[in-house]
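Structure first, then comments.
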Amino acid sequence: MENKLHITNSLSGKKELFEPINPPHVGMYVCGPTAYGDAHLGHARPAVCFDLIYRYMQHLGYQVRYVRNITDVGHLEHDADEGEDKVAKKARLEKLEPMEVVQYYVNRYHQNMDALNVLRPSIEPHASGHIIEQIELVKKIQEKGFAYETNGSLYFDIKKYSKDHHYGILSGRRLEDLMSETRQLEGQGEKKSSYDFAVWKKAQPEHIMRWPSPWSDGFPGWHAECSAMGVKYLGEEFDIHGGGMDLLFPHHEAEIAQSTVAYGKSPVKYWLHNNMVTINGKKMGKSLGNAISLFDIFSGENKLMEKAYSPMTIRFFILQAHYRSTLDFSNEALQAAEKGLKRLMQAMQTLEKLEVGNSSDFNIQGLESKCYEAMNDDFNSPVLISHLFEGVRIINSVNDKKASLSTTDLESLKQMMKVFTLEILGLQEEDTDGQDELISYLMDTLLDIRQNARKNKDFATSDKIRDDLAKLNISIKDSKEGSSWEFEK
RNA sequence: GGUCUCGUGGCCGAGUGGUUAGGCGGAGGUCUGCAAAACCUUUCACAGCGGUUCGAAUCCGCUCGAGACCUCCA
């Protein structure tokens with residue numbers, strides 16, 4: 001394969017040739033979820049996109065260590081219940097252990113991700129399990145003189161950092177712009193400048209997650225976990241760091257600053273950022289109140305949903321857009337994805353029973369090359385999918401005996417379709433309920449009776465069978481070889 | 001206000017100086033007892049106005065519009 005993988009590096013804003021620091025090893029760190037609520041469509045996007053990247057890199061022969069963290073520190077504040085004492089008391093009695101909350105949502109997250117056929121990362125570290133590492137990181141920053149203490153909290157000194165480094169290198173910001181910010185931020189009184197960020201926070205009395213440290217009983221700053229865990233598992237400099245575009249600033253910017261100070265080098269070679277899922281043109285977000293949880297999508301239980309959509313439909317929907325573009329949610333778009341996916345997966349089945357012909361009417365090698373070109377061009381899954389649909393057309397024409405494929409070409413096509421559809425895109429057959437033997441046997445019997453009726457031109461009987469089955473959401477498809485059936489969703 | 005991104009046909013969504021994206025939908029046809037499925041053909045396009053160019057949806061400028069980040073956020 002002459003084509004080499006090119007990826008868009010947020011650091012340069014350009015597509016760059018991908019060259020791992022220590023081939024064939026690749027280190028990839030992706031910002032994972034904060035475990036305080038169910039995952040929504042917006043969370044599915046980075047998971048699926050980086051799953052695609054993980055899968056493709058492995059396919060190319062790289063040995064990837066994929067780290068995706070669970071954030072469970074710093075955001076889990078004990079909301080003080082307002083109102084009567086009674087309510088507050090009850091809330092306290094029923095209050096769950098923080099780790100119980102985290103475990104609950106992590107389990108649910110895994111359920112969602114498994115359904116989406118997202119591969120589990122190599123390591124899934126919890127921020128709460130790496131407090132010591134984070135304290136060490138903060139110590140280093142303090143030793144280098146880039147942190148100052150106020151009331152037991154430590155803040156990163158951006159002004160000092162900016163003398164020798166460019167804070168804003170990733171998000172294209174300049175210190176002067178940041179300084180001109182007029183915004184009043186909470187806790188700003190403790191900071192020298194509004195744009196400084198906390199590396200250690202002293203815990204307020206109501207804060208339930210707290211650890212001892214040289215500075216105070218508290219918890220690490222919001223950006224410390226990724227720096228500390230990235231270094232721990234991938235080294236002081238690693239290949240890929242990914243996450244949503246909304247994390248570019250300040251989260252990833254802060255990570256660069258922290259690591260640069262602590263370890264003397266910029267931590268990441270390639271920064272990759274996926275774009276947002278939008279709904280009615282606006283970002284889907286928990287705080288915006290327009291987020292639809294994955295459980296709701298899979299069950300259809302949400303007023304914004306016209307019906308339920310299967311996990312594979314969601315996966316396909318996400319892969320049909322390039323990861324750097326926004327993706328707009330709508331029922332219409334999801335239904336289109338659902339139908340397209342069905343056509344693709346049906347062709348995958350048809351592929352298995354294709355018969356070999358004498359000659360070939362298609363250039364399978366060329367098609368395969370195009371698939372690699374698409375993926376090598378910054379993981380362009382939508383273009384890859386368009387080529388796979390070219391494959392679908394080929395499969396169906398051969399099946400219809402309107403074209404033929406030689407033995408070698410048929411084998412290549414099978415190989416290619418499987419590798420790209422199942423292995424790289426990670427699409428899979430949905431579990432169709434009722435595929436057990438009994439139903440299958442009963443269906444065969446019914447179809448047999450119907451076939452006889454058709455032979456005898458007893459269309460009243462054959463149509464009754466078809467219509468009655470249709471009421472059970474079973475559709476019949478006739479072809480020259482016989483009839484087949486499937487559940488309609 | 002600052003920084004940045006985007007504006008593609010009925011919908012979603014690629015592409016980016018000259019050649020078909022693709023999916024869904026619509027229309028016509030083939031096949032079928034009729035359907036469905038499948039296949040073939042087909043319709044609809046690059047926000048607006050200028051500029052560069054032999055040639056621009058693609059480059060540049062302006063206008064209009066939308067969005068993201070600047071605060072936890074995937």
Side-chain angles (χ1 to χ4, degrees), chain A residues 13 30-34 36-37 39-47 49-50 71 74-75 77 168 171-174 176-186 194-195 222 242-251 253 273-278 281-288 291 316-317 320-322 324-344 346-347 350 370 374 377 380-390 392-393 395-397 399-403 454 457-459 462-463 466-467 470 475-480 483-484 486 488:
Chain A
V30 176
C31 290
T34 305
Y36 72 114
H40 58 76
L41 196 52
H43 294 100
R45 186 133 196 226
C49 289
F50 287 101
T71 297
H75 307 309
E77 294 190 30
S171 55
R173 268 157 234 264
R174 293 169 306 173
E176 307 88 80
D177 298 333
L178 293 168
M179 291 199 300
S180 67
E181 292 296 330
T182 53
R183 207 167 185 141
Q184 292 298 313
L185 301 171
E186 223 172 293
S194 60
Y195 41 79
W222 306 290
M245 273 185 186
D246 50 355
L247 299 177
L248 247 153
F249 190 93
H251 185 56
E253 207 71 73
H273 290 95
N274 65 275
N275 216 318
M276 301 293 105
V277 173
T278 58
K282 291 201 174 145
K283 177 184 167 181
M284 185 181 279
K286 201 164 286 185
S287 52
L288 298 161
F316 186 70
F317 174 66
Q320 261 192 318
H322 188 257
R324 290 186 61 83
S325 303
T326 53
L327 172 60
D328 200 53
F329 165 92
S330 70
N331 281 282
E332 216 178 349
L334 280 176
Q335 275 158 32
E338 184 176 58
K339 286 186 184 169
L341 173 67
K342 186 175 159 194
R343 199 155 84 85
L344 175 62
Q346 244 154 25
T350 309
K370 283 184 187 173
D377 183 14
N380 200 327
S381 54
V383 168
L384 168 63
I385 288 170
S386 79
H387 295 321
L388 292 179
F389 274 106
E390 175 64 25
V392 168
R393 210 169 297 114
I395 291 165
N396 287 328
S397 329
N399 190 45
D400 279 10
K401 308 269 188 291
K402 284 177 178 166
R454 290 178 69 206
K457 303 217 183 288
D458 178 8
F459 297 123
S462 69
D463 285 355
R466 186 171 65 194
D467 294 346
S475 66
I476 302 277
K477 283 180 272 182
D478 297 329
S479 73
K480 279 176 184 147
S483 302
S484 61
E486 68 173 9
E488 294 285 345

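Remember, it's a predicted structure, so these values are computed and weren't measured experimentally.
With distances taken from any side-chain atom of A:Phe389 to the nucleotides B:rA74, B:rG22, B:rG25, the minimum falls on B:rG22. In this structure, of B:rA21, B:rG67, B:rG23, it is B:rG23 that holds the atom nearest to the side chain of A:Ala336. Closest to the side chain of A:Ser386, from the set B:rA14, B:rA21, B:rA74, is B:rA21.
With both ends at atom C1', the span from B:rU3 to B:rC59 equals 23 Å, rounded to whole Å. To the nearest whole angstrom, the two P atoms, one in B:rA68 and one in B:rG18, are 33 Å apart. Separating the P atom of B:rG25 from that of B:rU63 is a span of 42 Å, rounded to the nearest Å. Comparing the C1' positions of B:rU8 and B:rA57 gives an interatomic distance of 7 Å, to the nearest angstrom. With both ends at atom C1', the span from B:rG48 to B:rC64 equals 7 Å, rounded to whole Å. Separating the P atom of B:rA21 from that of B:rA37 is a span of 26 Å, rounded to the nearest Å. Annotation: B:rU43 and B:rG29 have their C1' atoms spaced 15 Å apart (nearest Å). Comparing the same atom, C1', in B:rA45 and in B:rG1 gives a spacing of 36 Å after rounding to whole Å.
Within 4.0 Å (heavy atoms only), A:Leu248 reaches no atom of the nucleic acid at all. Residue-level contact check: A:Met276 touches the bases, meaning some heavy atom is under 4.0 Å from a base atom. Nucleic acid contact class of A:Thr350 (heavy atoms, under 4.0 Å, all strands): none. Base engagement by A:Gly42 is indicated by at least one non-hydrogen atom pair under 4.0 Å involving a base atom. Heavy atoms of A:Ser484 sit nowhere under 4.0 angstrom from any nucleic acid atom. If you check every strand for non-hydrogen atoms under 4.0 Å, A:Val30 touches nothing. Using a 4.0 Å heavy-atom cutoff across all strands shown, A:His40 reaches at least one base atom of the nucleic acid. Residue A:Asn380 is classed as a sugar-phosphate contact, given heavy-atom separations below 4.0 Å to backbone atoms only.
Of the possible donor and acceptor atoms, none in the side chain of A:Asp377 sits under 3.5 Å from a partner among the backbone N and O of A:Asn380.
For the pair A:Glu332 CD and B:rG13 C1', the interatomic distance rounds to 13 Å; values are reported in whole Å. Regarding A:Arg45, its CZ atom lies at a distance of 16 Å from the C1' atom of B:rC73, rounded to whole Å. Taking atom NZ of residue A:Lys283 and atom C1' of nucleotide B:rA68, one finds them 8 Å apart after rounding to whole Å. The distance from atom CG of A:Asp246 to atom C1' of B:rG67 is 13 Å, rounded to the nearest whole Å. As rounded to whole Å, 7 Å separates atom C1' of B:rC12 from atom CZ of A:Phe317. In this structure, CG of A:Leu327 is placed 13 Å from C1' of B:rA74, rounded to the nearest angstrom. If you measure from atom CZ of A:Arg173 to atom C1' of B:rU5, you get 12 Å, rounded to the nearest angstrom. When rounded to the nearest whole Å, the span between CD1 of A:Ile385 and C1' of B:rG23 equals 9 Å.
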RNA chain B base-pair string [pairs: Watson-Crick or G-U under 3.5 Å; |: paired with another strand]: (((((((..(((.....[...))).(((((.......)))))....(((((..]....))))))))))))....
Could you list all N or O pairs between the protein and nucleotides 46-48 of chain B that sit under 3.5 Å apart?
none

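With sequence neighbours excluded, the residues that form a side chain to side chain donor-acceptor pair (under 3.5 Å) with A:Asn331 are A:Tyr309. With sequence neighbours excluded, the residues satisfying salt bridge (charged side-chain N to carboxylate O under 4.0 Å, His left out) with A:Lys342 are A:Glu486, A:Glu488. Residues passing the side chain to side chain contact (heavy atoms under 4.5 Å, CB included) test with A:Thr326 are A:Asn275, A:Thr278, sequence neighbours excluded. For A:Glu332, there are no salt bridge (charged side-chain N to carboxylate O under 4.0 Å, His left out) partners two or more places apart in sequence or in a different chain. By the side chain to side chain contact (heavy atoms under 4.5 Å, CB included) test, A:Ser483 pairs with A:Leu447, A:Arg450, A:Gln451, A:Arg454, A:Ile476, A:Asp478, sequence neighbours left out. With sequence neighbours left out, A:Asp458 forms a salt bridge (charged side-chain N to carboxylate O under 4.0 Å, His left out) with no residue at all. With sequence neighbours excluded, no residue forms a salt bridge (charged side-chain N to carboxylate O under 4.0 Å, His left out) with A:Lys370. In this structure A:Arg174 satisfies the side chain to side chain donor-acceptor pair (under 3.5 Å) test together with A:Asp177, sequence neighbours excluded. Under the ring-ring contact (aromatic ring centres under 6.0 Å, His included) criterion, A:His251 pairs with A:His223, sequence neighbours left out.
Two residues, A:Arg174 and A:Asp377, neighbour RNA chain B, and the one matched to the more 5' nucleotide by heavy-atom proximity is A:Arg174.
Within a 6.0 Å radius of NZ in A:Lys457, other residues, nucleotides and ligands contribute 12 heavy atoms or fewer.
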Footprint string (nucleotides 30-42 of chain B, 5' to 3'): B base within contact, S backbone only, - free, heavy atoms under 4.0 Å: ---BBBBSBBS--
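Remark: A:Thr34 is in phosphate contact with B:rA74, judged by side-chain N or O atoms under 4.0 Å from OP1 or OP2.
No side-chain heavy atom of A:Gln346 sits under 4.5 Å from any side-chain heavy atom of A:Asn396. Within the 4.5 Å cutoff, no side-chain heavy atoms of A:Glu253 are placed close to those of A:Tyr195. You'll find the side chain of A:Met284 stays beyond 4.5 Å of the side chain of A:Arg45, heavy atoms only.
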